[in-house]
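What follows is one structure encoded as structure tokens, with my remarks underneath.
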Amino acid sequence: MQNTKLVSLLPDLASFILVVNEGSFTAAAKKLDVTPSALSKLITRLENALSVKLLERTTRKLNITQAGQRVYDQANIMLNAAQQAVEVSKQDHTEPSGSITVAAPEAFLHSVLQPLIAPFLSQYPAISLKVKAIDGDIHLLKQDIDIAFKLTDKPDESLVLKEINDTNLVLCASPAYLDQCGTPTHPTELIDHDCLFLGEVSHDNVWDFLKGDEFYTVTVKGRFAVNQSQLRLQGVKEHLGIGIFHDFVVREALQEQTVIQVLPDWTIKSNYHGGIAMQYRQTKYMPARLRVFIDYMHQHLHGKC
């Protein structure tokens with residue numbers, strides 16, 4: 001494709017990215033201040049120019065095709081490069097200022113990041129911070145996020161990785177509950193107890209336990225399931241049963257002995273355990289605001305969560 005023709009396609013590719021991110025022509029058209037029909041014609045023009053079907057249009061839903069996904073991924077690289085060009089033109093990257101969007105799982109945000117936010121903003125008064133609590137997959141490009149904290153043993157290989165620490169899942173109960181109902185000494189005994197789990201998906205109450213060569217899968221039950229860590233911890237403190245938590249959520253409660261760890265010799269396996277990763281996009285010209293945030297968090301969190 002000739003460079004002149006390619007240049008003419010760049011605005012259309014940027015509009016295509018917005019349509020995919022917004023999930024509809026109507027929402028994207030509103031942001032671009034054009035009509036949905038005009039935007040639809042633009043995408044059709046782009047499809048004709050690329051000789052590929054990008055979107056499947058129905059009356060209820062807009063679906064991206066496999067070819068469209070590949071075009072979207074590459075176009076996002078283009079858009080990111082354009083954003084870097086804007087950053088270079090605006091400043092020499094010595095003064096940290098501007099906005100940062102950060103995403104993190106709710107429990108990590110509440111227990112670990114929150115105490116650092118005010119001191120960071122105090123140290124860098126020209127920076128504004130937007131924080132999103134996201135449990136589950138975090139997509140930096142689609143969700144317009146600069147930096148993501150993830151609790152996983154499989155970080156995104158396409159992003160830069162700074163390892164913070166490891167996190168494990170622990171079981172806890174109140175002393176009163178254990179006095180009344182007994183303390184489990186083996187994972188299989190949990191079936192006789194009330195357990196507090198996340199309740200986000202159907203298998204959140206299926207817990208895997210590992211110790212040496214021993215492995216057990218236990219399906220627990222309970223009357224209270226909640227995907228908010230502090231509510232779940234409060235339920236445990238109010239003697240509703242044995243709850244599952246990240247270690248950083250209950251560290252203080254364990255020290256104060258308002259809760260007691262159950263089955264401490266066993267490792268609990270799930271999608272929510274592994275490393276604590278700080279990830280962001282690779283860029284040759286990193287804005288000063290991102291650089292100081294990354295350095296600040298790595299300095300204050302590395303090995304300390």
Side-chain angles (χ1 to χ4, degrees), residues 13-24 27-28 30-32 72-152 155-164 227-229 275-302 305:
L13 286 167
S15 297
F16 169 60
I17 291 173
L18 186 60
V19 170
V20 174
N21 289 347
E22 293 296 320
S24 76
K30 186 175 181 181
K31 286 196 171 184
L32 292 172
Y72 172 87
D73 292 339
Q74 291 300 315
N76 256 317
I77 295 175
M78 171 205 74
L79 188 61
N80 186 40
Q83 290 172 340
Q84 293 178 33
V86 172
E87 292 288 351
V88 170
S89 67
K90 283 185 175 180
Q91 56 176 309
D92 62 5
H93 294 262
T94 58
E95 293 297 328
S97 62
S99 177
I100 304 173
T101 301
V102 178
E106 176 275 328
F108 184 81
L109 174 59
H110 182 277
S111 299
V112 180
L113 281 189
Q114 180 62 41
L116 297 176
I117 290 175
F120 173 80
L121 292 176
S122 177
Q123 184 170 336
Y124 298 100
I127 293 178
S128 60
L129 196 61
K130 180 189 294 183
V131 180
K132 298 180 179 181
I134 300 178
D135 290 309
D137 292 336
I138 301 175
H139 196 296
L140 271 65
L141 290 172
K142 286 185 178 180
Q143 295 170 295
D144 194 23
I145 293 165
D146 296 309
I147 299 168
F149 291 89
K150 303 179 180 181
L151 310 180
T152 179
D156 190 333
E157 295 181 355
S158 67
L159 301 173
V160 179
L161 167 66
K162 278 194 177 292
E163 296 179 343
I164 301 298
N227 65 347
Q228 208 279 342
S229 59
I276 302 174
M278 179 167 53
Q279 295 205 265
Y280 49 93
R281 286 168 290 198
Q282 180 69 54
T283 174
K284 185 177 181 180
Y285 303 104
M286 178 175 287
R289 64 180 182 275
L290 297 186
R291 185 173 64 250
V292 297
F293 180 89
I294 291 166
D295 291 345
Y296 184 94
M297 292 301 167
H298 191 257
Q299 175 186 351
H300 288 79
L301 294 178
H302 184 62
C305 297

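Since this is a predicted model, take the numbers as computed values, not measurements.
- Here the side chains of I294 and M286 are in contact, with some heavy-atom distance below 4.5 Å.
- Using a 4.5 Å heavy-atom threshold, the side chains of Q279 and P155 count as touching.
- A side-chain donor-acceptor contact under 3.5 Å links H300 to the backbone of Y296.
- Relative ring orientation between F120 and Y124 is described as tilted, the plane-to-plane angle lying within the 30° to 60° band.
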(message) I'd like to know whether D144 forms a side chain to side chain contact (heavy atoms under 4.5 Å, CB included) with T101, so could you lay out the CA-CA distance, the side-chain angles of the two residues, the decisive distance to 0.1 Å, and finally the verdict.
(response) CA-CA 8 Å; D144 194 23; T101 301; 5.5 Å; no

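- Within the structure, side-chain hydrogen bond (donor to acceptor under 3.5 Å, both in side chains) pairs that include any residue of residues 109-122 comprise H110-Q230 (at least two apart or interchain).
- Counting only heavy atoms from C-beta outward, the side chains of I276 and L301 never approach each other to under 4.5 Å.
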(request) Let me see the working for N21 and F16 under side chain to side chain contact (heavy atoms under 4.5 Å, CB included), right down to the final yes or no. (result) CA-CA 9 Å; N21 289 347; F16 169 60; over 6 Å; no

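- With a 4.5 Å cut-off on side-chain heavy atoms, I127 and F293 do not count as touching.
- Cation-pi contact between K162 and F149: absent, since separation from the ring centre below 6.0 Å together with deviation from the ring axis within 45° is not met.
- Taking a 6.0 Å sphere around CD of E163, one finds it holds 12 or fewer heavy atoms contributed by other residues, nucleotides or ligands.
- In this structure, the side chains of L290 and Y280 stay at 4.5 Å or more apart for every pair of heavy atoms.
- Looking at heavy atoms from C-beta onward, Y72 lies in side-chain contact with K142 at the 4.5 angstrom threshold.
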(request) Step by step, work out the side chain to side chain contact (heavy atoms under 4.5 Å, CB included) result for V112 and M297. (result) CA-CA 10 Å; V112 180; M297 292 301 167; over 6 Å; no

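- Distance alone, capped at 3.5 Å, places no donor-acceptor pair between the D146 side chain and the I100 backbone.
- In this structure, I138 and L140 have side chains that are in contact, with non-hydrogen atoms separated by less than 4.5 Å.
- Side-chain atoms of R281 never come within 3.5 Å of backbone atoms of V160 as a donor-acceptor pair (strictly under, hydrogens ignored).
- Q282 has its side chain out of reach of L159: every pair of non-hydrogen atoms, C-beta onward, lies at least 4.5 Å apart.
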Report all side-chain donor-acceptor pairs from residues 129-137 shorter than 3.5 Å, counting only partners two or more places apart or in another chain.
{"from": "K132", "atom 1": "NZ", "to": "Q143", "atom 2": "O", "distance (Å)": "3.2"}
{"from": "D135", "atom 1": "OD1", "to": "E106", "atom 2": "N", "distance (Å)": "3.1"}

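- Annotation: D295, atom CG; neighbour count of heavy atoms from other residues, nucleotides and ligands within 6.0 Å is above 12.
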